[in-house]
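No experiment lies behind these values; they were computed from the predicted model shown. Naming: A, B, ... by sequence-line order, numbering from 1 per chain.
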8 protein chains.
Amino acid sequence: MPSPLVAVLMGSSSDLAAMQPAADVLAELGVPVEVRALSAHRSPEQAIEFARSAAKNGFKVLICGAGGAAHLAGVVAAHALLPVIGVPLARSLGGLDALYSTVQMPPGIPVATVAIDGALNAGLLAATILALGDPLLATRLRARREETTGKVLASDDEVREKGSRLLD
Amino acid sequence: MPSPLVAVLMGSSSDLAAMQPAADVLAELGVPVEVRALSAHRSPEQAIEFARSAAKNGFKVLICGAGGAAHLAGVVAAHALLPVIGVPLARSLGGLDALYSTVQMPPGIPVATVAIDGALNAGLLAATILALGDPLLATRLRARREETTGKVLASDDEVREKGSRLLD
Amino acid sequence: MPSPLVAVLMGSSSDLAAMQPAADVLAELGVPVEVRALSAHRSPEQAIEFARSAAKNGFKVLICGAGGAAHLAGVVAAHALLPVIGVPLARSLGGLDALYSTVQMPPGIPVATVAIDGALNAGLLAATILALGDPLLATRLRARREETTGKVLASDDEVREKGSRLLD
Amino acid sequence: MPSPLVAVLMGSSSDLAAMQPAADVLAELGVPVEVRALSAHRSPEQAIEFARSAAKNGFKVLICGAGGAAHLAGVVAAHALLPVIGVPLARSLGGLDALYSTVQMPPGIPVATVAIDGALNAGLLAATILALGDPLLATRLRARREETTGKVLASDDEVREKGSRLLD
Amino acid sequence: MPSPLVAVLMGSSSDLAAMQPAADVLAELGVPVEVRALSAHRSPEQAIEFARSAAKNGFKVLICGAGGAAHLAGVVAAHALLPVIGVPLARSLGGLDALYSTVQMPPGIPVATVAIDGALNAGLLAATILALGDPLLATRLRARREETTGKVLASDDEVREKGSRLLD
Amino acid sequence: MPSPLVAVLMGSSSDLAAMQPAADVLAELGVPVEVRALSAHRSPEQAIEFARSAAKNGFKVLICGAGGAAHLAGVVAAHALLPVIGVPLARSLGGLDALYSTVQMPPGIPVATVAIDGALNAGLLAATILALGDPLLATRLRARREETTGKVLASDDEVREKGSRLLD
Amino acid sequence: MPSPLVAVLMGSSSDLAAMQPAADVLAELGVPVEVRALSAHRSPEQAIEFARSAAKNGFKVLICGAGGAAHLAGVVAAHALLPVIGVPLARSLGGLDALYSTVQMPPGIPVATVAIDGALNAGLLAATILALGDPLLATRLRARREETTGKVLASDDEVREKGSRLLD
Amino acid sequence: MPSPLVAVLMGSSSDLAAMQPAADVLAELGVPVEVRALSAHRSPEQAIEFARSAAKNGFKVLICGAGGAAHLAGVVAAHALLPVIGVPLARSLGGLDALYSTVQMPPGIPVATVAIDGALNAGLLAATILALGDPLLATRLRARREETTGKVLASDDEVREKGSRLLD
């Protein structure tokens, strides 16, 4: 079994359902992932140790999902020199607290933030980053995007037809 | 069948229920419409091609509904020199994200934004624009507005009566 | 002198500087406008009378700018069956109060809202509406948009050159 | 039957449940009220006519509840020189749009705004205003407030007891 | 000298400039006022004592301006059975904190809230309340409003003329 | 029975469920608490009297939970020279009104604010303060935090395993 | 020189002016403090090491000020079992991002949050906590609060006098 | 001269000062960049053409800065299968409109969003992505981060010393 290239971290195991789309889309694209529940506040030593050793353990991209005062992505980014993707989770205030805590990082330590509850896009962004050095993955990503477009076009046909019936 | 004058576009077929009132009120007023699911991000070429050829295909007004980072109206307005009406849809943050993405357009490229989930008003606004050149439509619009007023007045009678009974 | 087709209304004469771009761009495009200070709250009878008689006085589109609890566009729209364009002005709360008051109209009475302090786009939107029945204006609008694009492309050349010098 | 001193107005009959506490508390305090559904946008002439003739019809205080771009209180205040109490209703954006539209009135035309969905307090505020000239009503209001305090004190006893059991 | 009917309270003497328009307009209308700096948090005993004895000291309406966690109006309303008008002051967050703290009062204890930094309207609202029992004040208020309308109409003439010159 | 060191106050008995975690965690840590429903607005004299006599009654820390225009913590802090912990409760606007009313206190009168609906953390914060002078409590707190970390680590094992199965 | 009991930490030396009132008021009250610039993101190892050893180094209370995605207080609280006071600093979004990042901590790890830019209150809160075990400090705090009240009462006299002159 | 690997795009040449830190830090790290002003709305064809051909022109990462209804990053991401980094610029509403428009992308098309006005971090994020395939760049990035930490530690010494002097 290949060693994981992407870690999908979350601040609490109750975030698993929200973060699963990140792991799923990476698995679908053939990218090995590791899924972990590591809290910036309640298991900080483990979270920091994970971040510090991530590069030498072979990880290339780290995805971090958290809600509320969502510090996980920032803490991980402070201890790892890898691309860190933050997923703000909507546990309170519609996710605004998690969004601001994740995206408003100070100069020097970036976090690549995706939409509130946007785990799927976090997985796709990780894959897009990895695809820069993996032509096969780039091909799979392109096929997936074409499939996405195909679905929208198919739904356009349905909507158009429903629309014309509405107007009969 | 007359060729459509108004297009009701939406970023995803899952927006159909939210956008249907626009098509319905236009149909009710006798304005031919076309309903389409075209995504600014997932089927961008089709969305842009639709916008570019809209005027020469006979469209007069384009209604665009989208949620989240709702770029559809702006993208359509960038490629078409027709009145573009934006309908922010409440998929996240109560619709604030879609509202700001739709209404805060830069100088040069206006989008006529209606209320969050305000598809009915988008349809009425489109009809009001078309009515400038269509006296029959203007008459229908006026009749519809009088009907709207009539309904409020009828409900006023009911409320007044209930109110007086409350106080017995 | 041709009779005005567009009215640029504002809730207070102190809004004149903010609303002038609407009148200016319409004048530039050859559309005759009338500029008025009519308050929904402090001169309501005059505002309502203006709205009620606007259509028969030859107006085709009404632009209304107001700040705070910006009721002007809504009040005008309640009394006129013409396209009403609302411009929220940033007098408090960064303009959010005016934006919500202008855009969140109830079903039945639409207001076409543009960006906070977006008077220029209000003028362009009015012109785009009028251009549906005025091919000469459509041509002028298209020329203006091409000019806008030209300016961006010229600035792109400058930025690109500055950028390459930055990197020397 | 005494002629009404307070009017409880709402923008739509669908607001009746939200506004009923205002009428109920006034009835409880012996203040005759009239309940009306009058829309600032959909039946503007009736709303304005009501406001203009309110004082001469014997009304002393006008309560106006509305949601979204809640213009009703402002429009009524523009046409009546009586205390106008605004109740922002939470139909969208948690009621923030209605709150800002109601409270952010321009200098010259005040609206006395209460909490989002705060119809009960609107009724109490109206009664407090009327009590300035009605000692019997003042006595009733004082009794009601003492009753309110009594209920809180009784609940304090319950909470204290439950709390001490929690800690056994 | 007549004893004051309205108190203009503020949480800090640094709020005097913001609250002065309330006192000024009341003085202009011939209503005797008392101006006080009483903090809900830093001089709570004096603030509460003032509220408790306000009615028996002849006050009819209490105006309270405060910024930040603006508790003054609520605390005063908890201790006085008079109409209490709250003026949220914009010391932080554009005044949103003060607005919410002032307007979102619990059922039972209303505060009549005016716009952020809306001291002038607080004064006018107090006068409108007093005018219910003072026909001379009602006449002065009506004259003042007509004057306000007159100023808007005069500014309309200026704006209209400037507008027509802009278009030459 | 030991006399209580911490008071858990709430503005309404309907807040009991939201505030119970504060009392529970203190009880779990062996800290005697008293639970009270005292409203800053509806039973202000009792609330103030409680605050004024809290220190001499042996209380060391006061926890205050309230929603809406949540003045309770501020009012208590104005009358007691003890650490006051505020818990904003999400009754409206997602709790933003309560958060701002609780946290934005003026210079001189601090309130230690925890998360919206964060009663558990209020209890832990109170215990952490008391533990400065109580080594046994400090030991219990440390054990509880280690237990918290242990739970996260156990959930990490589960999540990791589920994650690896997802990818089979 | 006595060893410091309170640490005033900030995420960047550019926050010194904003955080100085915390150190100043503690010094004024005779509480020895240490002032440090330790970034949760840019010098995370030093920040964590400081937090971990704070208790054994004799610190009793830790004050942490930071702006933007203000993680400092949360990170320190995750590594220290001492009362941690968070001061959100207004570097962007009026301080809302820092407020949410500081206050919305997850269950288990509290941060005692004060107002945006509320360093003075952070110092006072720290002193109030220490005063539980230091009667002399409690006396100084009480004197300081009385002085604060005295200043408000003096300013009340001035305001009252100015107010009465306004009305001459 | 090496062909550029990163493009720094902005919606308007007036954004150059805000976006320059992205280009500067990349130049400092030895990454060749191209700086462009391409508007999603005013020069859409050029923006789209740039995005479509970016990969085949050798670009690896695209940085897009825009304010208001900031559609640039989303439009570029819709037409390019490369990592797209969005920088929301604070031109209105404190940058909230640009933040939401940039970050709230729909499933399928991610944008890696950094802080409002966070161009420096956009450059660092791009470099971190490129460093996955460029060990020399990884070394430079690590050196730069150590330098950043060193600056914070040096400022800590200064702050500590100033702090101890404050307390003399």
At what distance, to the nearest 0.5 angstrom, does [atom1] of [X] lie from [atom2] of [Y]?
X	Y	atom1	atom2	value
Ile116(A)	Tyr100(H)	CD1	OH	7.5 Å
Arg145(A)	Leu81(H)	CZ	CG	4.0 Å
Gln104(H)	Asn121(A)	CD	CG	10.5 Å
Thr113(H)	Ile85(A)	OG1	CD1	11.0 Å

Among the listed options [options], the residue most often paired with chain H at heavy-atom distances under 4.5 Å:
options	result
Gly133(A), Ala131(A), Ala112(A), Ala138(A)	Ala112(A)
Ile109(A), Leu82(A), Asp117(A), Thr149(A)	Ile109(A)
Leu132(A), Thr148(A), Leu141(A)	Leu132(A)

Examine whether an atom of [X] lies under 4.5 Å from a heavy atom of chain H, and if so say whether it belongs to the side chain, the backbone or both; otherwise answer neither.
X	answer
Ala77(A)	backbone
Val111(A)	backbone
Leu99(A)	side chain
Ala126(A)	neither
Pro88(A)	neither
Ala80(A)	backbone
Leu5(A)	neither

Problem set entry | Closest contact, heavy atoms only, Pro83(H) versus Thr128(A) |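 That closest heavy-atom pairing would be N-CG2, 3.5 Å.
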
Exercise. Under a 4.5 Å heavy-atom cut-off, does chain A meet the side chain of Ala78(H), its backbone, both or neither?
Worked result: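 For Ala78(H), the backbone is the part near chain A, not the side chain.
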
Problem set entry | Under 4.5 Å from a heavy atom of chain A, the part of Pro21(H) involved |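 For Pro21(H), no heavy atom lies under 4.5 Å from chain A.
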
Problem set entry | Contact winner vs chain A - Gly108(H), Ala122(H), Gly123(H), heavy-atom pairs under 4.5 Å |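 Heavy-atom pair counts peak at Gly108(H).
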
